[in-house]
Number of protein chains: 2
Amino acid sequence: MKSEKISELTTKRLSVYLRCLQTLDRNGIHTISSRSMADQFHLNSAQIRKDLAYFGEFGVRGVGYQVSHLAQHLTKILGLNQEHRVIICGAGNLGRALCDYAGFNTEGFRIVALFDQDPKKIGGTSRSGVPVHDIKKLKQIVRREGVDIVVITVPADAAQKVVDLVCETGVKAILNFAPVRLRVNTNVKLKTVDLKVSLESLSYYLSNPSLPAAVNPPE
Amino acid sequence: MKSEKISELTTKRLSVYLRCLQTLDRNGIHTISSRSMADQFHLNSAQIRKDLAYFGEFGVRGVGYQVSHLAQHLTKILGLNQEHRVIICGAGNLGRALCDYAGFNTEGFRIVALFDQDPKKIGGTSRSGVPVHDIKKLKQIVRREGVDIVVITVPADAAQKVVDLVCETGVKAILNFAPVRLRVNTNVKLKTVDLKVSLESLSYYLSNPSLPAAVNPPE
DNA sequence: AATTGTGAATTCCTTCACAGCC
DNA sequence: GGCTGTGAAGGAATTCACAATT
């Protein structure tokens with residue numbers, strides 16, 4: 001276990017590895033080598049080993065990794081052994097959908113509230129029953145509910161203002177879906193998922209099909 | 001203009017640059033240098049110049065870039081001057097939300113249909129009126145509507161099967177939201193947006209806050 | 001004087017290849 | 001014999017820094 005800084009690419013892959021291991025576990029596989037895991041899930045075996053090596057020695061030479069054991073370690077490393085409490089700012093289509101989306105309400109994460117500024121939305125709930133609060137109550141509810149992750153699904157032109165509010169509450173992790181580059185203090189972790197950019201870069205490849213697409217792009 | 005292969009990172013940034021230019025244009029800015037664009041939108045000026053240089057010489061030394069002119073070029077390069085017709089496979093929460101999401105129904109893209117296999121969903125429409133069809137009609141409707149981009153929002157365990165169906169229709173660009181690594185022919189461009197991975201890597205940073213977050217992570 | 005476009009330098013990431021261990 | 005863990009090699013992306021240009 002070294003204490004180098006871990007790249008974002010590595011952490012994303014850890015999360016992928018964990019999911020692979022969970023699949024293997026469900027299929028009753030108890031032991032796996034980096035090679036056969038790579039083959040099965042279209043990964044690179046050296047990279048798996050290198051990524052894991054940042055955090056310790058989890059394998060047995062000549063044998064491989066014990067699936068459940070490694071999964072447990074990754075769960076711990078990713079901080080998924082404790083529950084994260086999540087809120088979503090912006091109760092529009094995307095916000096409400098994410099709120100009810102199975103992939104978001106999964107082990108380790110619980111969505112506890114939606115926020116909006118529209119009086120017509122405030123007081124209501126999502127389909128699954130998550131309440132919509134006035135954005136003015138943000139700080140209060142973040143405190144009360146012990147929120148540690150905030151998802152931003154407000155329109156682009158409101159996003160920076162909302163992010164500033166969020167930072168004031170002391171929350172340290174933000175997942176932004178608004179198509180803007182936001183500014184936060186360096187002690188806050190901001191990730192932006194820009195759906196428009198994803199679509200547009202597909203469009204680029206349609207216009208430039210001469211170049212065969214990369215075989216297996218990261219993420 | 002060189003004919004090297006353009007990296008995915010570059011194409012994503014082009015899309016960001018275009019948005020920045022559109023903002024500048026709305027604000028009545030006609031000319032901008034890479035430096036001031038970088039400052040304003042938290043980018044790197046050398047990178048802007050280098051990215052653009054793959055496609056031509058769009059600037060004037062000593063002056064900068066003409067906003068509308070460069071925007072036009074980027075629109076063309078990204079293939080956004082022609083409309084793309086998009087369908088979404090999977091009419092669950094996420095699929096329906098994306099269907100009505102403003103950021104998706106934007107210049108250059110039109111969502112023409114949803115698909116599902118659930119008889120209860122087939123025949124209905126999204127809130128904004130996009131029809132939900134039986135997945136069995138996929139090929140037929142792709143042909144009829146001239147669809148060139150497919151979005152996948154089905155559950156993980158159905159995703160590979162749906163992607164195979166999509167590939168059979170001849171569509172060459174797929175945006176996948178299912179949390180699995182999918183396999184396609186190299187002549188098809190597949191991009192995966194893995195929302196769970198994004199959340200989990202935030203969780204990692206919460207558990208390992210010792211390391212100050214990178215100042216401005218890519219995308 | 002200012003800013004582009006771009007080789008060179010640097011940093012970061014991936015893959016190779018093998019010593020070390022089971 | 002087989003597989004891990006890792007130093008070294010190779011490749012890619014970013015940033016620097018400046019000659020070229022208006």
Side-chain angles (χ1 to χ4, degrees), chain A residues 1-14 16-17 21 24 29-67 69-70 73-74 181 201 211 214-219, chain B residues 1-14 16-17 21 24 29-67 69-70 73-74 201 211 213-219:
Chain A
M1 165 90 180
K2 356 258 169 83
S3 67
E4 304 171 43
K5 57 247 168 262
I6 305 302
S7 96
E8 178 115 9
L9 295 167
T10 296
T11 66
K12 281 180 173 181
R13 283 191 299 261
L14 292 181
V16 170
Y17 302 155
L21 291 166
L24 291 168
I29 312 290
H30 294 120
T31 294
I32 193 145
S33 69
S34 59
R35 172 74 114 79
S36 72
M37 191 163 141
D39 290 350
Q40 216 171 322
F41 299 101
H42 323 138
L43 307 165
N44 176 296
S45 67
Q47 190 157 65
I48 295 173
R49 297 198 298 278
K50 190 139 263 193
D51 285 336
L52 296 177
Y54 290 116
F55 299 94
E57 307 203 352
F58 304 117
V60 179
R61 289 168 199 230
V63 178
Y65 302 89
Q66 200 197 313
V67 172
H69 181 240
L70 183 53
H73 271 290
L74 290 182
R181 306 211 24 119
S201 85
L211 336 159
V215 178
N216 241 325
E219 207 222 22
Chain B
M1 167 91 181
K2 353 260 170 79
S3 69
E4 304 170 41
K5 57 251 169 257
I6 305 301
S7 95
E8 177 115 10
L9 295 168
T10 295
T11 66
K12 281 182 176 180
R13 281 191 301 259
L14 292 180
V16 171
Y17 301 155
L21 292 166
L24 291 168
I29 312 288
H30 294 119
T31 294
I32 193 146
S33 70
S34 59
R35 172 73 112 79
S36 73
M37 191 163 141
D39 289 350
Q40 216 173 317
F41 298 102
H42 324 138
L43 307 164
N44 175 297
S45 67
Q47 190 157 65
I48 294 173
R49 296 198 300 277
K50 191 140 261 193
D51 285 336
L52 295 177
Y54 289 117
F55 299 94
E57 307 202 352
F58 304 116
V60 178
R61 289 170 197 230
V63 178
Y65 302 89
Q66 199 196 312
V67 173
H69 181 242
L70 183 54
H73 270 290
L74 290 182
S201 84
L211 336 160
V215 178
N216 242 324
E219 206 225 25

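Residue numbering restarts at 1 for every chain, and letters A, B, ... go by the order of the sequence lines.
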Whole-Å distance separating the [atom1] atom of [X] from the [atom2] atom of [N]:
X       : N      : atom1 : atom2 : result
B:Lys50 : C:dT10 : NZ    : C1'   : 12 Å
B:Leu43 : D:dT14 : CG    : P     : 12 Å
B:Leu52 : C:dT4  : CG    : P     : 10 Å
A:Glu57 : D:dT4  : CD    : P     : 12 Å
B:His73 : C:dT4  : NE2   : P     : 16 Å
B:Lys12 : D:dT14 : NZ    : C1'   : 16 Å
A:Ile6  : C:dC12 : CD1   : P     : 13 Å
A:Ile48 : D:dT6  : CD1   : P     : 16 Å

Atom [atom1] of [X] and atom [atom2] of [Y]: how far apart are they, to the nearest 0.5 Å?
X        : Y       : atom1 : atom2 : value
A:His69  : A:His73 : NE2   : NE2   : 3.5 Å
B:Ser36  : B:Ile29 : OG    : CD1   : 8.5 Å
A:Ser201 : B:Ile6  : OG    : CD1   : 13.0 Å
A:Leu24  : A:His30 : CG    : NE2   : 11.0 Å
B:Arg13  : B:Leu52 : CZ    : CG    : 10.5 Å

TODO: Give me the residues of residues 31-40 of chain B where at least one heavy atom lies under 4.0 Å from an atom of DNA chain D, by number, or none.
DONE: none
Task: Residues forming a salt bridge (Lys or Arg N to Asp or Glu O under 4.0 Å) with B:Arg35, sequence neighbours excluded - done: B:Asp39
Are there any protein N/O atoms within less than 3.5 Å of an N/O atom in nucleotides 9-13 of chain D, and if so, which ones and at what distance?
none

Open item on the list: Go through it in stages, so that I can follow the logic: the residues are A:Tyr17 and A:Leu43, the test is side-chain contact (heavy atoms from CB on, under 4.5 Å), and I'd like the CA-CA distance, side-chain angles, deciding distance and then a yes or no.
Closed with: CA-CA 9 Å; A:Tyr17 302 155; A:Leu43 307 165; 4.0 Å; yes
Task: Closest-nucleotide 5' rank along DNA chain C - winner of A:Asp51 and B:Phe58 - done: B:Phe58
TODO: Check the pair A:Tyr54 / A:Thr11 against side-chain contact (heavy atoms from CB on, under 4.5 Å), numbers first and verdict last.
DONE: CA-CA 11 Å; A:Tyr54 290 116; A:Thr11 66; over 6 Å; no
Task: N or O in side chain of A:Tyr65 less than 4.0 angstrom from C:dC22 OP1/OP2 - done: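 So the side-chain polar atoms of A:Tyr65 never come under 4.0 Å of the phosphate oxygens OP1 or OP2 of C:dC22.
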- [ ] Taking only the side-chain nitrogens and oxygens of B:Asn44, find out if one of them lies under 4.0 Å from OP1 or OP2 of D:dT14.
- [x] no
All N/O contacts under 3.5 Å from nucleotides 20-22 of chain D to the protein, with atom names and distances to one decimal?
{"unit_1": "D:dA20", "atom_1": "N3", "unit_2": "B:Arg61", "atom_2": "NH1", "d": "2.9"}

TODO: Could you pull out all residues at least two apart from B:Ser7 that satisfy side-chain contact (heavy atoms from CB on, under 4.5 Å)?
DONE: B:Leu9, B:Thr10
TODO: For A:Asn44, enumerate each residue passing the side-chain contact (heavy atoms from CB on, under 4.5 Å) test, keeping only those at least two apart in sequence or located in another chain.
DONE: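 Residues passing side-chain contact (heavy atoms from CB on, under 4.5 Å) with A:Asn44: A:Ala46, A:Gln47.
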Open item on the list: Checking A:Leu21 against A:Tyr65 for the side-chain contact (heavy atoms from CB on, under 4.5 Å) test, could you report, in this order, the C-alpha distance in whole Å, the side-chain angles of both residues, the deciding distance, and whether it holds?
Closed with: CA-CA 10 Å; A:Leu21 291 166; A:Tyr65 302 89; 5.9 Å; no
